Amino acid sequence: MPIHNTEIADSFDRLADLLEVEGANPFRVRAYRNAARTVRGYGKSMAELLAQGEDLSELPDIGKDLAAKIRTFVDTGKLPLLEEVEARTPAALSTLMKVPGLGPKRVKALYEELNIRSVDDLKRAARSGKIRELAGFGKKTEAMIRQRLEHFTGETPRVKLIIAEEIARPLVQYLKQIEGVKEVTVAGSYRRRRDTVGDLDILATATRSSPVMDRFVAYDEVDEIISHGKTRSTVRLHSGLQVDLRVVPQVSYGAALHYFTGSKAHNIAVRTLGVKKKLKINEYGVFKGDKRIAGRTEEEVYRKVGLPWIEPELREQRGELEAARDGNLPALIRQKDIRGDLHCHTKASDGHHSLRQMAQAAAERGYEYLAISDHSRHVTVANGLDSKRLLAQIGAIDRLNEKLDGIKVLKAIELDILSDGTLDLPDSVLKKLDFTVCSVHYKFDLPRKQQTERVLRAMDNRYFNIFAHPTGRLINEREPYDIDLEKIMQAALERGCFLELNAQPDRLDLTDEACKLAKDMGLRVAISTDAHSTSDLDYMRFGIDQARRGWLEPKDVINTQSLKALRKLLDRT
DNA sequence: GCCGTTTTCGGCCCGACTGTTTTCAGTCG
């Protein structure tokens, strides 16, 4: 089994946790965490890079030592240092570190003083009242641990962006109505438009902060007040989502927005640039000595470290600072660049609206074209079309196009890729279409090699155009199937096929990282909503979000092209 | 453990809140 990047990253993170408990040099600990982030977020697999003879120490935050450790891990499946550390420090202490309120020092004390080496040990100790007797602990800390353990599952749940929006919207409205409040902005990973968010980070400006805080913690949906300070408070809502509110004066808005938007790694890097220029950057501004020299806007903050403003979606410490320094920031795609949607369904299969209704809805959104791509026959649960029904639909689209003005309906199909790599309908029918959208709906559990070859074989058919939702993941519900995306991308590039970024908020498949990989390889993608109703067409914005996180520009996306140019791109014959 | 238009050694972001403390350590983001 090839080693996945996540396995390497998880091991580095666990190692960092245990070293931290052992009291290792904090900067060494951070080095492991930084490396974990680089590996986790890298589009290509470390195993693949090594096989290609690449020097991993060229990657950011990976030096000679960690490059060697990754090589050992890939070759042997083992990280000897981790095994060494686990021999003297229980591995589960890394889990205990994830209990909110417990960090390395407390975990170390609990382990050394009370021999607590698991979550169950901790629960028992918290109930028995032993924890309060430890130096540095007390009654309140013990009660806090007991309470946090009730909700503790071992991993921090992340909610889908669309759900976070539903939770944030009324809360922002509520905060805006508080007297003295000027701006309310949801920052954090929400503003960076990550596909999921772990919490909501809300920034507000106000003349006086205390009254805002008092109203915030009194919000109807608050389940637990975790902290309640003058300028910062944290609560957990009934939905389980944690919300931080930070209030700053208006002159600090830009600096605070930058700080609260993150990512943490990006912030640290920007602050480090400041240090080199003898500047101190915090959430109140940019300071030269005691004097604030910037902070009202984010632009000011970046300018003081010699950089142009960087779009929030790029702030992941994935090379955006270097690109900004060198004047190479991408001109990210925007919703208005999209000229049409290339994947949607009608009542003919499992959609809710008719051909005409879908076409009208697309026209209302200013599109020049809309492709109808109902399911093919193999997807029986979705009432997939056989050849006869597809031919009938083709006729219906031709007749509709004669009546429509300003928008062109394209004839397509979401064609099932069967497990042996053949396509679900004969070429004699497919050739009557404008193009095909091909996807996997069954046999998700094939081994990586087989799954990859299945799609490669399908791609050999000249009527294969766009590979839809390429990993099949459903966020928080279904893991992606095992497939070599890089190989698929390379094959698509060679054959003139494209990959879809499916904009359904449950899918967002390709991921941001995969989009970046495609871009780096020179492969363009289609951003499509897979709409099953007219209102689903609005999911396009979620696709745009992820495309932007993947550094995509209009030229990297095929449905920013005119109909004429698009037809040319989709013609393989 | 990483990194270098000051450095191959000596740095490594910065502040708020809480609880247990008589001035600060731990945690978090």
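Letters go in sequence order (proteins before strands), and every chain restarts at 1. Small disclaimer: the values here were computed from a predicted structure and weren't measured.
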Check whether any side-chain N or O of A:Q242 sits under 4.0 Å from OP1 or OP2 of B:dC28, and answer yes or no.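 No.
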At less than 4.0 Å, is any side-chain N or O atom of A:T141 found next to OP1 or OP2 of B:dT20? Yes or no.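 For A:T141, the contact criterion (side-chain N or O under 4.0 Å from OP1 or OP2 of B:dT20) is met.
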Whole-Å distance separating the CD atom of A:E58 from the P atom of B:dG4: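 About 11 Å, once rounded to whole Å.
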Would you kindly give the CZ-to-C1' distance between A:F260 and B:dA16, to the nearest whole Å?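 These atoms are roughly 10 Å apart.
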Does A:N282 place a side-chain N or O at less than 4.0 Å from the phosphate oxygens OP1/OP2 of B:dG15?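 Yes, because at least one side-chain N or O of A:N282 sits under 4.0 Å from OP1 or OP2 of B:dG15.
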Under 4.0 Å between a Lys/Arg side-chain N and an Asp/Glu carboxylate O for A:K160 and A:E477?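 Yes, charged N to carboxylate O under 4.0 Å.
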Quote, to the nearest angstrom, the C1' distance that separates B:dG1 from B:dT5.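 Nearest-Å result for B:dG1 against B:dT5 at atom C1': 24 Å.
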Selected nucleotide, minimal atom distance to A:S227 side chain, candidates B:dC17, B:dC2, B:dC14: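 Among the listed nucleotides, the one closest to the side chain of A:S227 is B:dC17.
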When you measure from the side chain of A:D556 to the backbone N and O of A:E553, does any donor-acceptor pair fall under 3.5 Å?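 Yes; at least one donor-acceptor contact below 3.5 Å.
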Please classify the nucleic acid contact of A:K280 as base, sugar-phosphate, or nothing, using heavy-atom distances under 4.0 Å.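 Sugar-phosphate contact only.
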Which value, in whole Å, describes the distance between the C1' atoms of nucleotides B:dT23 and B:dG19?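 To the nearest whole Å, 13 Å.
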Are a donor atom and an acceptor atom from the side chains of A:R507 and A:T471 found within less than 3.5 Å of each other?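 No, A:T471 and A:R507 have no side-chain donor paired with an acceptor closer than 3.5 Å.
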What is the distance from CE of A:M213 to P of B:dC17, rounded to the nearest Å?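 Taking atom P of B:dC17 as the reference, CE of A:M213 is at 7 Å.
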Please check the phosphate of B:dT20 (OP1 and OP2 only) for any side-chain N or O of A:K139 closer than 4.0 Å.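 No, because none of the side-chain N or O atoms of A:K139 sits under 4.0 Å from OP1 or OP2 of B:dT20.
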If we count only N and O atoms by modelled type, under 3.5 Å, do the side chains of A:E183 and A:Q250 hold a donor and an acceptor together?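 Checked: A:E183/A:Q250 side chains pair up, N/O donor to acceptor below 3.5 Å.
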Measure the distance from CZ on A:R33 to P on B:dC2 and round it to the nearest whole Å.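 Atom-to-atom, A:R33 to B:dC2, this comes out as 16 Å.
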Check every atom of B:dG15, B:dT27, B:dC13 against the side chain of A:K105 and return the nucleotide holding the closest atom.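 Given the options B:dG15, B:dT27, B:dC13, the side chain of A:K105 is closest to B:dT27.
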Reckon A:P26 touches a base, only the sugar-phosphate, or nothing at all at heavy-atom distances under 4.0 Å?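 The answer is nothing, as A:P26 stays clear of every strand by at least 4.0 Å.
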Establish, with yes or no, whether the OP1 or OP2 oxygen of B:dT5 is under 4.0 angstrom from a side-chain nitrogen or oxygen of A:R325.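 It does not, given that no N or O in the side chain of A:R325 lies less than 4.0 Å from OP1 or OP2 of B:dT5.
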Answer with yes or no whether A:K278 presents, from its side chain, a donor or acceptor under 3.5 Å of a partner atom in the base of B:dT6.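 Such a pair is found, so the answer is yes.
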Suppose you measure atom C1' in B:dC13 against the same atom in B:dC2; what distance do you get, rounded to whole Å?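 Those two atoms are separated by 16 Å.
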Write down the distance separating the P atoms in B:dT20 and B:dA25, rounded off to the nearest Å.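 16 Å, rounded to whole Å.
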Heavy atoms under 4.0 Å, any strand shown: does A:V247 hit a base, just sugar-phosphate, or nothing?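 It contacts nothing in the nucleic acid.
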According to a strict under-4.0 Å criterion, is A:Y284 in side-chain N/O contact with OP1 or OP2 of B:dA16?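 Yes.
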Within a strict 4.5 Å, meaning less than it, do heavy atoms of the A:D13 and A:Y32 side chains meet?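 Heavy-atom side-chain distance check fails, nothing below 4.5 Å.
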Residue A:K69, side-chain atoms from C-beta onward, closest of B:dC17, B:dT27, B:dG1: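 Looking only at heavy atoms from C-beta outward on A:K69, the closest nucleotide is B:dG1.
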In whole angstrom, give the distance that lies between atom CG of A:L273 and atom P of B:dC14.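 So the CG-P distance, A:L273 to B:dC14, works out to 12 Å.
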Under a plain distance cut-off of 3.5 Å, with no hydrogens placed, do A:Y111 and A:T89 share a side-chain donor-acceptor pair?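 No, no side-chain donor-acceptor pair sits under 3.5 Å.
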Just call it for A:Y259: base, sugar-phosphate, or nothing, with non-hydrogen atoms closer than 4.0 Å on any strand.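 Base contact - A:Y259 has a heavy atom under 4.0 Å of at least one base atom.
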Does B:dT8 have a Watson-Crick or wobble mate here (both distances under 3.5 Å), and if so which one?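 Paired with no nucleotide.
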How would you label the contact of A:V270 with the nucleic acid (heavy atoms, under 4.0 Å): base, sugar-phosphate, or nothing?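 Here A:V270 touches no strand at all.
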Just compare B:dC3, B:dG29, B:dT18 and give me whichever is closest to any side-chain atom of A:H228.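 Per side-chain heavy atoms of A:H228, the pick is B:dT18.
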Check A:R191 with A:D201, please: is the shortest side-chain N to carboxylate O separation under 4.0 Å?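 Looking at A:R191 together with A:D201, the answer is no, because their closest N to O distance does not fall below 4.0 Å.
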Round to a whole Å and report the spacing from CG of A:L82 to C1' of B:dG1.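 Atom CG in A:L82 sits about 16 Å away from atom C1' in B:dG1.
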A:D214 and A:H228: side chain donor to acceptor below 3.5 Å: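 Note: A:D214 and A:H228 side chains meet the donor-acceptor criterion.
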For DNA chain B, whose closest nucleotide is more 5', that of A:P60 or that of A:D244?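 With A:P60 and A:D244 compared, the 5'-side residue is A:P60.
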N/O (side chain, A:T231) to phosphate O (OP1/OP2, B:dC17) under 4.0 Å: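 Answer yes for this pair, as a side-chain N or O of A:T231 is under 4.0 Å from OP1 or OP2.
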Find the distance A:I145:CD1 to B:dG26:C1' and express it as a whole number of Å.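 Atom CD1 in A:I145 sits about 12 Å away from atom C1' in B:dG26.
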Looking at B:dG1, does its base get a donor-acceptor pair with the side chain of A:N25 below 3.5 Å?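 A donor-acceptor contact between them is present.
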Return whichever of A:F137 or A:K230 has its heavy-atom-nearest nucleotide of DNA chain B closer to the 5' end.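 By nearest-heavy-atom nucleotide position, the 5'-most residue is A:K230.
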If you measure only the distance, is there a donor-acceptor pair under 3.5 Å linking the side chains of A:S118 and A:D120?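 No donor-acceptor contact under 3.5 Å links the two side chains.
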Closest listed nucleotide, where the reference is the side chain of A:R30 and the choices are B:dG1, B:dC13, B:dG29: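 Selected nucleotide (nearest to the side chain): B:dC13.
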Side chain of A:K264, heavy atoms from C-beta onward: which of B:dC13, B:dA16, B:dG1 has the nearest atom to it?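 Between B:dC13, B:dA16, B:dG1, the one nearest the side chain of A:K264 would be B:dC13.
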Is any side-chain nitrogen or oxygen of A:R28 closer than 4.0 Å to OP1 or OP2 of B:dG1?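 True: A:R28 side-chain N/O within range (under 4.0 Å) of B:dG1 OP1/OP2.
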Of the options B:dC3, B:dT27, B:dC12, whose atoms approach the side-chain atoms of A:F27 most closely?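 Among the listed nucleotides, the one closest to the side chain of A:F27 is B:dC12.
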Value in whole Å for how far the P atom of B:dC14 lies from NZ of A:K276: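 Rounding to the nearest Å, NZ of A:K276 and P of B:dC14 are 13 Å apart.
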So A:L66, base contact, sugar-phosphate only, or nothing? Heavy-atom distance under 4.0 Å.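 The residue A:L66 makes sugar-phosphate contact but no base contact.
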Which nucleotide in the set B:dA16, B:dG19, B:dC14 lies at the smallest distance from any side-chain heavy atom of A:K140?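 Output: B:dG19.
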Provide the distance between the two C1' atoms, one in B:dT21 and one in B:dG26, to the nearest whole Å.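 These two C1' atoms come out 13 Å apart once rounded.
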Can you check the distance between B:dT18 and B:dG11, where both ends of the measurement are the C1' atom (answer in whole Å)?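 My reading of the C1' atoms in B:dT18 and B:dG11 gives 31 Å.
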